[in-house]
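To start, the structure itself, in C-alpha cells.
Numbering of ligands and ligand atoms starts at 1, following listing order.
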Amino acid sequence: MTGTLYGIGVGPGDPELMTVKAYRRLKEAEVIAYPKKGRQSKSYAEQIIDAYFAPEEKRRLGLHFPMTKDVDVLEPKWNEAADAIWAELSAGRDVAFVTEGDPLLYSTFIHLMHVMERRYPDAPIEVVPGVSSANAAAARLRLPLADGDEQVAIVPARDDYEAMKAAILAHDCVIFFKVAKVIDLMIRLLRELDLLHRAAVVTKATSREEVIWDVERLEGAELEYLTLLVVRK
Ligand SMILES: C[S@@+](CC[C@H](N)C(=O)[O-])C[C@H]1O[C@@H](n2cnc3c(N)ncnc32)[C@H](O)[C@@H]1O
C-alpha cells in the first residue's frame, strides 16, 4: 500500500492550538517532514511539534527550499523534495509535512502539493487544516475580523504604497502578512489615513515569544518574519 502525504497545519505557536486530528496524524505517521532552514535553526512548525514529539521519536525528513525566486535554483530542489517524499510513500510509509498555521494559506505546502501532483499523480494527499495566524492574532487582540456584512482581506504586504492603500480602502479589515520588511511604509500609510490607532502588530502570536507591539513606536524597528499587521477600520 502506498503511504499518504499529509499536509498538517500545526497552528500559530501555542502547541495547544494544534488540532486533535493533526496530533493523531503526526502520532501515526512514520515520517515527519518539515521545511529545513539553516543548519542549526529549527523551523517554527518543528518547534511547535517538539512539545509533543521528541526529535528522536520518529524519522524526521528535513526538506530544503532555498529562499530565492530563481526557478533554475528552485525547481531541482522542489523535485528533490518530492522525490524524497515519494521514496517514503512508495515504501508504504505515511509522511506528515508540518506547516505553521494552515497548510493552504501562503504555505510551502501549497507548492509542494502541486509538485507532488505533477510528478507523482498517484500519491494520496490529505490536508489537515490548522488555526491560521490571522485567527490567532484576532483572538489575542480580541479583535473581530469581520462581523455582519463587513469584508475582510488577507494581503501579503509589499513595498507598494498605492496597492497597500487600495487594499485598506476596499475592506473593513485587512490582515497584512509578511509585513516585517515594509513596516515603515505601512506605518506611514496608516498615519496618513488616520488609521494608526486602528492597527495592531503581532509577532509569533500565541507562542511563548509573542510580542504585541506599540504601533506608535514601530518606525525603524527590526521585526521578525513571523509578524503580521491587522487594521480594522
Ligand atoms: C508564509 S505565511 C504563512 C501563513 C500561515 N500558513 C498561516 O496560516 O498563518 C508567513 C506570514 O504569516 C504571518 N505569520 C505566520 N505565523 C505567524 C504568527 N504566529 N504570528 C504572527 N504572524 C504570523 C506572518 O505575517 C508571516 O510573514
message = Heavy atom to atom 7 (C) of ligand 1, shortest distance: which of D102, V201, T99 holds it?
response =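 Selected option, by shortest heavy-atom distance: D102.
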message = Regarding atom 19 (N) of ligand 1: of the candidates P12, A180, A137, which has the closest heavy atom?
response = P12
For [atom], what's the nearest protein heavy atom and its distance?
atom: atom 3 (C) of ligand 1; value: Y106 O, 3.2 Å
atom: atom 6 (N) of ligand 1; value: L105 O, 2.8 Å
atom: atom 21 (C) of ligand 1; value: L226 O, 3.3 Å
atom: atom 27 (O) of ligand 1; value: Y225 O, 2.8 Å
atom: atom 16 (N) of ligand 1; value: S133 CB, 3.4 Å

ask   = Got a salt bridge between D83 and R119, using NZ or NE/NH1/NH2 to carboxylate O under 4.0 Å?
value =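 Here D83 pairs with R119 in a salt bridge, since their nearest N and O are under 4.0 Å apart.
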query = Are E46 and R60 ion-paired here, with the side-chain N under 4.0 Å from a carboxylate O?
reply =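 Yes.
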inquiry  = For ligand 1, which is the ligand I care about here, please tell me if S107 has any N or O atom under 3.5 Å from one of the ligand's N or O atoms.
reply    =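 By distance alone, the answer is no.
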Using a 4.0 Å cutoff against the non-hydrogen atoms of [X], which atoms of ligand 1 qualify?
X: V202; result: 21 (C)
X: A205; result: 18 (C), 19 (N), 20 (N), 21 (C)
X: K178; result: 1 (C), 24 (C), 25 (O), 26 (C), 27 (O)

ask   = Does T227 come within less than 4.0 angstrom of ligand 1, counting non-hydrogen atoms of the residue?
value = yes
query = Which pair of heavy atoms, one from L185 and one from D159, lies closest together, and at what distance?
reply =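 For L185 and D159, the tightest heavy-atom pair comes out as CD1-OD1, 3.3 Å.
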remark   = Nearest heavy-atom contact between T2 and P124 is CG2-CD, 3.8 Å
message = Listing request: all side chain to side chain donor-acceptor pair (under 3.5 Å) pairs with a residue in residues 139-150, at least two apart in sequence or in separate chains.
response =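 The answer is R140-E210, E150-R232.
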key: CD (Q151) with more than 12 external heavy atoms under 6.0 Å   = no
task = Classify the contact between E100 and ligand 1 as side chain, backbone, both or neither, using a heavy-atom distance cut-off of under 4.0 Å.
result = both
Region of T206 engaging ligand 1 - heavy atom pairs below 4.0 Å =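 Contact part for T206 vs ligand 1: neither.
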ask   = Are any side-chain N or O atoms of Y34 and backbone N or O atoms of A96, one a donor and one an acceptor, separated by less than 3.5 Å?
value = no
query = Only one of V155, L229, L145 clears side chain to side chain contact (heavy atoms under 4.5 Å, CB included) with I175; which?
reply = L145
key: is_close_aromatic(F53, Y23), centroid dist under 6.0 Å   = yes
